[in-house]
Structure formats: C-alpha cells, structure tokens
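The next block holds one structure in the form of structure tokens; read it before the comments.
Any value given below was found using the heavy atoms of this structure, including those in side chains, with hydrogens, waters and symmetry copies removed. This structure is a prediction, so every number in the text was calculated from the model and none was measured. Below, chains carry the letters A, B, ... as their sequence lines are ordered, and counting in each starts from 1.
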Number of protein chains: 2
Amino acid sequence: MRKENSTNAVNEQFLFQVCALNSAVAVIGGRWKSQIVYSISEGNNRFHLLKQELSNISEQVLSRQLKELETHAILIKKEIPDTVPSGIEYVLTNKGQELVPILKHLCDWAKAYEAGKIITAG
Amino acid sequence: MRKENSTNAVNEQFLFQVCALNSAVAVIGGRWKSQIVYSISEGNNRFHLLKQELSNISEQVLSRQLKELETHAILIKKEIPDTVPSGIEYVLTNKGQELVPILKHLCDWAKAYEAGKIITAG
DNA sequence: CTGTATCCCCAACGATACTG
DNA sequence: CAGTATCGTTGGGGATACAG
C-alpha cells in the first residue's frame, strides 16, 4: 500500500497529533486537490469537465485525486441514472463546502502578496 | 537543481497561472511548513526551539523548510549580535503573519470534521 | 548554535493502454 | 463517459557527517 513503515510516515502521523492543521494541509496539499475542490464548487462536477479545466491532467491523476478527496469526505460521487453513458457527478460534502471559503482566503492572501514581496517584520 | 524539465514542473506552473490559490498551497504544502509558521507565531523563533517542538525533524529538513519559507517571504532571518554563539532569530513577515489566521481557520475546519465524517451533500 | 553537503528512500506525479 | 492497471520518473523528506 503506502507507508506505515518509514520515518516519513511516522513524522506525518506525529504532525497529525500536534495539530489538526497538518491533517488539513495533507488533505489540500496534493498537486491538484485544492483546484479540483474549487472547480467543483463552481459547477464543474463532471469528470470530463474537470479534465477540460485542468487541461494537462492525466486521467490517472484526476481519478486518483478524486478518490483521495472522496476518502477525506471532501466530496462524494453520485451516479446519474438518467444519462446514457456512465454519468457520474461529483458533489461537495458539507466538509468540502466549508473548505471553499478557506481556500478563497488563501487565494486572496496569495494574490495580495504575489507581486510585491513585502518584507516587513519586527 | 530541481525541475524546469518534467511535466510535473510544467503542470505546477500551469496551476500557478490558473489561480494564486495553487501557489499558496505550494507554499504551505510542505510537510512541516505550516507547523513551523504556527510555531514561530507562538514565539518559537529560534532554530533549536523549533527543533524541540518538532522533535522528529532533522536539522537538514528544518533548515531546508526554513529556507523555503524565507524564499516565499513568509519569514526572515535576523541575526542577534549580542549572543555568543550564532544567535539567529526567525521573524514572520507581514505575509507570514497574515497567513496565521488562515491556518487557524484550516485547523478549526479540520478539527470540526476529524471525528465524525459527516457526509452530507445535495 | 546554526547551518550545509551528500546520499538514500519512497510516495506522489505522470504516460499509456486497457476495461465497463 | 468514467475509471483502473501498470510502470517509469521526479523530487521532497530523511539520516548522517561535517563546517562556520
């Protein structure tokens, strides 16, 4: 599977104990995770729509990220029985929806400082 | 050095263009980054203090994370000329300080859902 | 005390081909 | 359309030893 062995894994678990913050970071820390959540919140709740949005993503990765987000209860899959092909819809859970405004804060924060590296301390 | 070559790097840059959110995630996405920022905000602004807090961290990693955070203008190093040994102090920049409340939001969010996996959508 | 150099490991990222 | 299996690549995390 994955870990349970290396120090890497042990440290990860250690951080989870220190503060829930770190588990949150682990959730959104993936390369595409936060963007996927954001995209879904904007209505791109289909596999192929996400694939279009994230033009360079491979199906493998998208599928994997989606599965991980599902594991963390950020979103759930919903089958749409009416459609002829598969028809799967991704829906944010409460947890996922509450994450969105935080991501927006993060986005604003990054935007505010992306240009001028304001270095003012002490 | 690092990348500039692989698709991995290209995709990272692509995400940076899509939304600043992703660069923010890249900043705090490191294993210890957010915890370090948090610790410094609480006054653990010395190398050895951070090393104590993050008991399992190796000097290598701590140094590396610190350097990256400095690169992202989250914190700056300050030499303390009065002390006999090296004496380096880490101080959060404005950017870093504004990140702290966002991290707290993230922490609260994670805490709220860490126990009961509330899956309520649609 | 605060770092850096070097090397290893492994997990995430990614490409391709294939299935229901 | 949605998803998985497989395999290769990349680079971050980690240990240790060493330096200012």
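Between I76(A) and E70(A), the shortest heavy-atom contact is CA-CG, 4.4 Å. What you find for S39(A) and E53(A) is that their closest heavy atoms are OG-OE1, 3.4 Å.
Atom CD1 in I57(A) sits about 13 Å away from atom P in dG3(D), given to the nearest Å. The interatomic distance linking K51(B) (NZ) with dC1(C) (C1') rounds to 12 Å, in whole Å. One can place CD1 of I36(B) at 14 Å from C1' of dT2(C), the figure rounded to the nearest angstrom. In this structure, CG of L62(A) is placed 13 Å from P of dA15(C), rounded to the nearest angstrom. Between the P atom of dA2(D) and the CG atom of L54(A) lies a distance of 14 Å, rounded to the nearest Å. Rounded to an integer number of Å, the gap from E89(A) CD to dG3(D) C1' is 17 Å. Atom CG of N44(A) is separated from atom C1' of dC1(D) by 16 Å (rounded to the nearest Å). The separation between K33(B) atom NZ and dG11(D) atom P is 15 Å, rounded to whole Å.
Take the nearest nucleotide of DNA chain D for N11(A) and for Y90(A): the residue whose nucleotide is more 5' is Y90(A).
Here T7(B) does not reach the OP1 or OP2 of dT9(D): none of its side-chain N or O atoms lies under 4.0 Å away. OP1 or OP2 of dT4(C) sits under 4.0 Å from a side-chain N or O of K67(B). Contact between the side-chain N/O atoms of R46(A) and the OP1/OP2 oxygens of dA2(D) is found at a separation under 4.0 Å. OP1 or OP2 of dG14(C) lies within a sub-4.0 Å distance of a side-chain N or O belonging to W32(A). Here Q60(B) does not reach the OP1 or OP2 of dC7(C): none of its side-chain N or O atoms lies under 4.0 Å away.
Residue V61(B) places its side chain closer to dG14(D) than to any other of dG14(D), dG3(D), dC13(C). Considering only side-chain atoms of E59(B), the nucleotide from dG14(D), dA17(D), dC1(C) that sits closest is dA17(D). The H48(A) side chain lies nearest to dC1(D) when the options are dT2(C), dC1(D), dG14(C). With dT4(D), dG14(D), dG11(D) as the choices, the nucleotide that has an atom nearest any side-chain atom of A9(B) turns out to be dG11(D).
With N22(B) contributing its side chain and C19(B) its backbone, the two residues share a donor-acceptor pair below 3.5 Å. Judged purely by atom type and a 3.5 angstrom limit, S23(A) uses its side chain to pair as donor or acceptor with the backbone of A20(A).
Using a 4.0 Å heavy-atom distance criterion, K77(B) is classed as a sugar-phosphate-only contact. At a threshold of 4.0 angstrom between heavy atoms, the contacts of Q65(B) are confined to the sugar-phosphate backbone, with no base atom among them.
Taking the charged nitrogens against the carboxylate oxygens, E68(B) and K33(B) do have a contact shorter than 4.0 Å, which makes a salt bridge.
Counting atom types as modelled, R64(B) pairs no side-chain N or O with a base atom of dG12(D) as donor and acceptor under 3.5 Å.
Taking the six-membered ring for Trp and thresholds of 30 and 60 degrees, W32(B) and F14(A) have ring planes inclined between 30 and 60 degrees apart.
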